[in-house]
Protein chains: 2
Amino acid sequence: MVGKRLAGRRQGVTLSEVARRAAVSEITVSRILRNTGPIAEATRLRVLQAVRETGYVPNRLAGGLASSGSKLVGVIVPSLTNIVFPEVLGGIRAALVGTGFQAVIGVSDYDLAIEEELIASLLAWRPEAMVLAGFEHTPAARAMLDNSAVRVAELMDIDSAPIDLAVGHSHWQAGHDSGRYLVGRGYRRFGYVGHDWMADRRAKLRHDGLVAALAEASLALVESVRNVGPSSTQAGRDALAALLARGSTPDVVVFSNDDMALGGVFHCLGAGIRPKDDLALFGFNGLDIGQALPMPLSTMRSNRFLTGKTAIDRVLAQRERPGKTEIIDTGYQILPGATA
Amino acid sequence: MVGKRLAGRRQGVTLSEVARRAAVSEITVSRILRNTGPIAEATRLRVLQAVRETGYVPNRLAGGLASSGSKLVGVIVPSLTNIVFPEVLGGIRAALVGTGFQAVIGVSDYDLAIEEELIASLLAWRPEAMVLAGFEHTPAARAMLDNSAVRVAELMDIDSAPIDLAVGHSHWQAGHDSGRYLVGRGYRRFGYVGHDWMADRRAKLRHDGLVAALAEASLALVESVRNVGPSSTQAGRDALAALLARGSTPDVVVFSNDDMALGGVFHCLGAGIRPKDDLALFGFNGLDIGQALPMPLSTMRSNRFLTGKTAIDRVLAQRERPGKTEIIDTGYQILPGATA
DNA sequence: CTGTTAGCGCGTTCAG
DNA sequence: CTGAACGCGCTAACAG
């Protein structure tokens, strides 16, 4: 049975109603509901019964206000359609389970102005930590973050100095390693297919690392195409077609990520180009779908779940912002695959 | 410049600090920040200046408590890794822009018990509406929803009676239409490859609609494989291989969704089976990636963005729960593609 | 083991 | 156009 609520009264059941019904004081109900302080088993049962009968739902606005602690973690990701971010959120959720904390998620669409608005609006909920992607924020956003004493985790990237905590891996290094790996496998004529660098600075870092590795082997990109929009399979497909149409003959094409690379594979399959035999293809991210292809994509796996989980674990372990910043490398691995 | 905050004081800047600085009362600051009531332009500018100088961030816990209105919408989706839900969230965000409302997102992992917990915990934030996926909820969850006077939108599905508002399309009908369409194209020997029905009831509805359409044409599935886990490309690939290994020779295989169907296409490409010529393949959802294949996937597009957007528009337009329930059909379209 | 007192920071009255 | 008083629902800090 689930109590009343009846009629016009807008308000729900409050603590005092539960307390009255159980013939105890409000604070006792509050303690029982929060498993705090010593409580007689008999009282607890009586109160829990009253809670059930009334259908009481605590008001966390009031609770948070009274205790100056919201048990909220603000999270801002650039996108949800790029599957890597839902995977990071998976790690965040995993770390939050059983802590009583709840994530409030914002999506910035890779737009720093939107990120700034979201930071303001999430900070208004007095979260106990904020999780962001990358190091680029507007000055106003930085000021708000500094001004609020909350812990700040910047994810994905560790190539710059963090505000507080950075968790991710070096994208420049990953690009560099991919270049060394491919050179080591005998490739010499490198093509590059990328997407918008303005929005996705990490893609540019990987590109720069790749180019640096090539230079160390006295090589350079023979051809490069960059799409203006965000990464997508269709964009990768179109861009590879455009690159090949230019007439140069790369023996390998490195893509800005797996989404783009998948499109590259599809172009090859449609055009009768045999991946690896005729043209090698290399991605980044190590998405499951790339590994389910007839020829698994050669790529690098980043550890998105671990990145999200580590950030939360760390930030909840130490709630005050420490004096010095910390950087945690969650690494990456080459997936040899069958396309390079 | 961004004010102090200095030293040990845990608390941030409050309204009264801003008020003191601007030499007005708190309520005046409050009004200015909420664009409410008549305000002298001079005062407004002075106050805004003080807000900037102090780096004041409103406390929504306090604001919500005082006004009994949180400007929050609770959203619970079964998954974020299934791309259809991020797309629904995209529609929700689009509808929320400029309204001052903010979505709080929970992920249930297709688990009704987790959904129940999330409902309890989101309701504690006193949202002004709740958005859920599907019609299946635990009795306790239903009770909490009924008990809170908030509006409730149930998305994706319109095959049952909603609590308040349902937005989506009929999955049974979609399955039925796909069957009629494929029969109309001359297919007779139908195979089915699906994933876990316990978790994804809508997949089962589509299956049942398909089977019904076949029965109307005096046909039946010649072979059916269902994976126990969630849908994935790899699962689709494995399941199609398993189905074909059984020796029956379908001329078309219908998959529970595009993820699975993509795996089917990959299996065919790897095994030298020509999609459509040797074996037709049909999916559901109309994901972009399926349309970027060398041979675009034949499938049905559901309108996820519209579903999310419509639900929020509707629910914000009328904030009290209306006397009677409403059902909005956002439809679907057949994408002919090239695999069936 | 339980209760009392006093706010948390803001918005809703109602007066000026 | 601006302000004073009050309370939203809950919890911290003491008592007892």
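A, B, ... follow the sequence lines: proteins, then strands. Residue 1 opens every chain.
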task = Decide side chain to side chain contact (heavy atoms under 4.5 Å, CB included) for B:W125 and A:V104; before the verdict, give the C-alpha distance in whole Å, the side-chain angles of both, and the deciding distance to 0.1 Å.
result = CA-CA 11 Å; B:W125 292 104; A:V104 185; over 6 Å; no

Mind listing the side-chain donor-acceptor pairs of residues 38-45 of chain B below 3.5 Å, one per line with the distance, residues two or more places apart or on another chain?
unit_1, atom_1, unit_2, atom_2, d
B:T43, OG1, B:A40, O, 3.3
B:R44, NH2, B:N35, OD1, 3.4

task = Ignoring backbone atoms, establish whether A:Y56 has a side-chain N or O less than 4.0 Å from OP1 or OP2 of D:dC10.
result = yes

A:T43 side-chain proximity, nearest of C:dC10, C:dC1, D:dC10 = C:dC1

Verdict with reasoning, A:S30 to A:R34, per side-chain hydrogen bond (donor to acceptor under 3.5 Å, both in side chains) = CA-CA 6 Å; A:S30 171; A:R34 286 175 300 127; 2.9 Å; yes

key: Members of residues 26-42 of chain A that approach DNA chain D, where some heavy atom sits under 4.0 Å away   = A:E26, A:I27, A:S30, A:R31, A:R34

ask   = Rounded to the nearest Å, what distance is computed from the CZ atom of residue A:R20 to the P atom of nucleotide D:dG9?
value = 12 Å

request  = Round to a whole Å and report the spacing from CH2 of B:W125 to P of D:dC10.
outcome  = 13 Å

From CA spacing to verdict: side-chain hydrogen bond (donor to acceptor under 3.5 Å, both in side chains), A:R52, A:Q49 = CA-CA 5 Å; A:R52 240 172 284 120; A:Q49 176 63 25; 2.8 Å; yes

inquiry  = If the cut-off is 4.0 Å, is A:S25 near the phosphate of C:dG3, judged by side-chain N/O to OP1 or OP2?
reply    = yes

ask   = Who passes side-chain hydrogen bond (donor to acceptor under 3.5 Å, both in side chains) against B:E26, sequence neighbours left out?
value = none

request  = To the nearest Å, give me how far apart CG (A:L65) and C1' (C:dC8) are.
outcome  = 4 Å

request  = To the nearest Å, give me how far apart NZ (B:K71) and C1' (C:dC10) are.
outcome  = 16 Å

message = Checking A:T138 against A:E116 for the side-chain hydrogen bond (donor to acceptor under 3.5 Å, both in side chains) test, could you report, in this order, the C-alpha distance in whole Å, the side-chain angles of both residues, the deciding distance, and whether it holds?
response = CA-CA 7 Å; A:T138 65; A:E116 177 186 323; 2.7 Å; yes

query = A:R60 has an atom CZ; how far is it from atom C1' of C:dC8, in whole Å?
reply = 16 Å

request  = Calculate the interatomic distance between A:L15 atom CG and D:dG9 atom P; express it in whole Å.
outcome  = 10 Å

query = Between B:N59 (CG) and D:dC8 (P), how many Å, whole number?
reply = 18 Å

